[in-house]
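Numbered from 1 within each chain, the chains take letters A, B, ... in sequence-line order.
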Amino acid sequence: MGKVLVFAEQSHGNLKRSSIELLQAAAKSGNTVVAVVFGSHAGDVTAAAAQNGANEVHVVKDASLDSYNPELFTANIVSVVEKVQPSILLASASSTGRDLFPRVAARLNTGIASDCTELNISGDNVTATKPMYSGKCFAKANFENSSVKIVLMRANQLPVAAADTSKSANVVEQAAVKPDLKTLIKEIVKGASEKLDLTEANIIVSGGRGLKDAANFKVLHDLADVLGATVGASRAVVDAGWVGHGMQVGQTGKTVAPTLYIAVGISGAIQHLAGMSGSKVIVAINNDANAPIFQKATYGIVGDALEIVPKLTEEFKKALHH
Amino acid sequence: MKIFVCIKQVPDTETKIKITPDQNGIDTAGIKWVLNPYDEYAVEEAVKLRDANAGSQVWVLSVGSKTRVIESLRTALAMGADEAIVVNAENLDNFSTAKALAEVIKAEGGAKVIFSGKLAIDDNASSVSQMLAEFLNVPHTTVVSKFAFNGENVVVERDIEGGAKEVVQMMTPAVVGANKGLNMPRYASLPGIMKAKKKVIKEIEFASLNIPASDIKVKYSGFALPAEKPPVKMLAGDSSAQASELVKLLRDEAKVL
Ligand SMILES: Cc1cc2nc3c(=O)[nH]c(=O)nc-3n(C[C@@H](O)[C@H](O)[C@H](O)COP(=O)(O)OP(=O)(O)OC[C@H]3O[C@@H](n4cnc5c(N)ncnc54)[C@H](O)[C@@H]3O)c2cc1C
Ligand SMILES: Cc1cc2nc3c(=O)[nH]c(=O)nc-3n(C[C@H](O)[C@H](O)[C@H](O)COP(=O)(O)OP(=O)(O)OC[C@H]3O[C@@H](n4cnc5c(N)ncnc54)[C@H](O)[C@@H]3O)c2cc1C
C-alpha cells in the first residue's frame with residue numbers, strides 16, 4: 001500500500017464537497033490518506049479532513065496562499081509531494097485544479113488524467129474513466145512512466161457518506177515556499193452570484209430561449225432558491241445578452257455534472273447536450289413535444305415554461321417543507 | 001515580435017463517434033475535423049496583437065497527423081497567421097504534445113506571447129497550455145476572456161468560479177489560454193483562403209525532436225459508448241398535475257430531493 005495525497009479545497013473554512021468525495025474514495029482504497037490544505041484558514045478544516053478519511057493533514061498556513069497563483073501553488077504542491085512521496089494525487093477538476101495540476105505534472109515529470117468521472121484505486125495503481133468527444137464516449141486513462149499518478153475528478157461523481165466524528169489525524173505544519181513570481185494577481189472581481197458554481201452544483205435550473213426574455217429568468221431564480229440550485233443557461237440566451245457567459249452550459253460554456261438538471265425552454269442542441277448530458281436526472285420542460293432535449297431527458301413536460309415553472313416552485317416549496 | 005498560436009484539430013461536435021473493434025480509440029473514417037473552437041479565439045487574438053504591433057509575426061503550430069491537421073493550419077493562415085508548422089505525430093498524450101510544442105517554439109527562437117485555447121473539446125483536458133508554459137519556464141493564465149499587451153507585460157482577465165474574474169499581470173514571454181468572450185473570430189476572407197493555399201507549411205517529424213518514449217505518461221483504452229438511457233417518461237395532465245407528479249417522481253422514484 002502507498003500514500004494517496006488529496007488536495008483539499010475549502011471555502012470560508014468549510015471543506016468543499018468535491019474534496020470530501022476524494023478523501024472518502026482515497027480512504028476506501030486502503031492506502032494511507034494525506035490531505036494538503038493551503039491558506040491562512042487551512043487549520044480550520046483539519047478536523048473535517050480527518051473525519052472524512054485523512055490519516056495525516058499537511059497544512060501550509062500562509063496568507064500568500066489565500067488566493068490562487070499558478071506559479072506559487074505549483075511550487076508549494078511540488079514541495080508537499082516531495083515530502084509526502086505519494087503514489088497517487090487526487091484533486092478536483094475545479095477551476096483551480098484544472099489550472100494547477102497540469103503544471104505540477106509537467107514539473108514532476110509525471111502523468112495526469114483530467115476531467116475524470118470514475119475512479120478505481122487498487123493498491124498503488126489507479127485507473128480513471130473520463131468522457132471524450134463531448135460525452136459521446138468514455139475511455140480509461142492508464143498511467144505509464146509516472147511517479148505520482150495525478151487524477152482530476154469532476155465534482156458530484158463519487159458517493160459521500162456521513163463523516164466519522166470519532167476520527168482524528170496527525171497534523172503536519174509546513175512553511176510556504178516563496179519562489180520569485182512572474183505572475184501577479186492584481187484584482188479579483190466578485191461574481192454576481194454567491195451560489196455554488198455550475199461545475200460544483202448538485203442541482204441546476206437552466207433556461208433557454210423558450211423563456212422569451214431576460215426578465216422571465218426571475219421564475220428560474222425563484223425555483224432555484226427553493227431547491228438550493230444554481231441557475232444556468234443556453235448559449236442562445238447568453239448571446240442575446242440576457243445572462244452572463246459564466247452561466248453558459250455546453251461545449252463552449254461549462255461542463256456540468258449535477259444530480260438534477262432542469263432544462264427549461266432549451267431545445268437540446270448537440271452543443272448544449274455536450275455540457276450537461278452527464279447529469280444524473282434530467283427534466284425537460286418545452287412546449288414542443290418533438291424538441292431533441294426530450295431524447296436525453298428522464299422526465300418530460302410539454303407545456304409553457306412560464307406557466308409550469310411557478311407551479312413547480314410552489315410544489316417544491318410544499319414538498320421540501322414537510 | 002514573434003507570436004505563437006498552438007492549435008489542435010478536433011472532430012466536429014456534430015460528428016457521430018464510433019469505437020474501433022479493439023476499443024483503443026475511435027474510428028476516424030468519416031469524421032469531419034475542425035479547428036478546436038477555442039483555438040479560433042486564440043488565432044484571432046494573435047492576429048489582432050500582430051496588427052497592433054508593427055513588425056510582428058504570427059506563427060501557428062499544431063501537433064498531429066500531417067496530412068490531416070494541415071487543413072486546420074490553413075484555416076489559421078486564412079484568418080491571417082503568417083507562418084505555419086506541423087509536427088507530424090500520432091498517439092501522443094498531453095505531456096508529450098506539450099513537450100513537442102515547447103521544443104519547436106524554443107528551436108524557432110522563442111516567442112513573446114503564446115496563445116492556445118482553454119481546452120480541446122475532444123479530450124476536455126485543458127492541460128497542454130499549462131504544461132507548455134512549464135516546459136518553457138514562463139508564466140501562464142488559462143480561461144482568458146480579456147487580453148492587453150503593454151509592450152512589456154500582458155494583463156489578462158481570467159474567468160473563475162461563480163462568475164468571478166481575476167485580473168492577472170504576467171511578465172512576457174507568457175502563455176495565454178483563450179476562452180469564449182475574448183473576441184469575435186473573423187471568417188477567413190476569399191483572398192485570405194487563396195493566399196493560405198499557396199503558403200509552404202513547415203513539416204517537422206516528431207522523431208527528430210528527440211523526445212524520449214518515457215514522455216508518454218498516459219494511454220487511453222477501453223473506449224465505450226455511454227450506457228443506453230431508458231426512454232423519457234412524459235408527464236400527463238394540466239400544468240398543476242404535471243408539477244405535482246414531477247415532484248413526486250423526483251422524490252420517490254429518482255430520489256434526488
Ligand atoms: C489521432 C489521435 C490519436 C490519439 N491517441 C491518443 C492516445 O492513444 N492516447 C492519448 O493519451 N492521447 C491520444 N490522443 C490525444 C493526444 O494527442 C493528447 O491528449 C492531446 O493532444 C492533448 O491535448 P488535450 O486534448 O488534452 O488538449 P487541451 O490541453 O485540452 O488543449 C488546450 C490547448 O492546447 C493546445 N493544443 C492541444 N493539443 C495540441 C496539439 N496537438 N497541437 C497544438 N496545440 C495543441 C490547443 O491550443 C488547445 O486549445 C490522440 C489524438 C489524436 C489526434
Ligand atoms: C461552435 C458552437 C458552439 C456552441 N456552444 C454552445 C454551448 O456551449 N451551449 C449552448 O447551449 N449552445 C451552444 N451552441 C448553440 C446551440 O447550437 C444552440 O443554438 C443553442 O443551444 C440553442 O439555445 P436554446 O435551446 O435556448 O434556443 P432554441 O434552439 O431557440 O430553443 C428554444 C426552445 O424553447 C422552446 N420554447 C419556446 N417557447 C417556449 C415556452 N413558452 N415554453 C417552453 N418552451 C418553449 C422551443 O420549443 C425550443 O425548443 C453552440 C453552437 C456552435 C455552432
Nearest heavy-atom pair of [X] and [Y]: which atoms, and what distance?
{"X": "B/Q130", "Y": "A/R98", "value": "NE2-O, 2.8 Å"}
{"X": "A/G300", "Y": "B/V232", "value": "N-CG2, 3.6 Å"}
{"X": "B/A213", "Y": "A/N145", "value": "O-ND2, 3.9 Å"}
{"X": "A/E307", "Y": "B/S239", "value": "OE2-OG, 2.8 Å"}
{"X": "B/E161", "Y": "A/S95", "value": "OE2-N, 2.8 Å"}
{"X": "A/I188", "Y": "B/E166", "value": "CG1-CG, 3.8 Å"}

In terms of heavy-atom proximity below 4.5 Å to chain B, should [X] be classed as side chain, backbone, both, or neither?
{"X": "A/T110", "answer": "backbone"}
{"X": "A/Q251", "answer": "both"}
{"X": "A/V283", "answer": "side chain"}

Contact part of [X] toward chain A, heavy-atom cut-off under 4.5 Å: side chain, backbone, both or neither?
{"X": "B/F223", "answer": "both"}
{"X": "B/V143", "answer": "neither"}
{"X": "B/L132", "answer": "neither"}
{"X": "B/P226", "answer": "both"}
{"X": "B/D238", "answer": "neither"}
{"X": "B/L249", "answer": "both"}
{"X": "B/N137", "answer": "both"}

Compare all side-chain heavy atoms of [X] with those of [Y] and state whether any distance is below 4.5 angstrom.
{"X": "A/F316", "Y": "B/L250", "value": "yes"}
{"X": "B/N94", "Y": "A/P102", "value": "no"}
{"X": "A/L227", "Y": "B/L257", "value": "yes"}

| Any donor-acceptor N or O pair under 3.5 Å, side chains A/Y299, B/E253 |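 Yes, because at least one side-chain N or O of A/Y299 sits under 3.5 Å from a partner of the opposite role on B/E253.
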
| field | Approximate separation, where rounding is to 0.5 Å, of B/K217 NZ and A/E144 CD | value | 10.0 Å

| field | Pairwise distance CG(B/L119) to OG1(A/T255) - rounded to 0.5 angstrom | value | 7.0 Å

| said: Applying side chain to side chain contact (heavy atoms under 4.5 Å, CB included) to B/Q242 and A/L312, what does each step give before you reach the verdict? | reply: CA-CA 9 Å; B/Q242 288 172 324; A/L312 263 180; over 6 Å; no

| Backbone N or O of B/K219 within a donor-acceptor pair of the A/N142 side chain at under 3.5 Å? | yes

| Salt-bridged, A/D239 to B/K180, with N to O below 4.0 Å? |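 Judged by the 4.0 Å cut-off on N to carboxylate O distance, A/D239 and B/K180 do form a salt bridge.
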
| message | Let's test your reading of the structure: which of B/V10, B/T15, B/V154 forms the most heavy-atom pairs below 4.5 Å with chain A? | response |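 Looking at each of B/V10, B/T15, B/V154 in turn, B/T15 comes out on top.
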
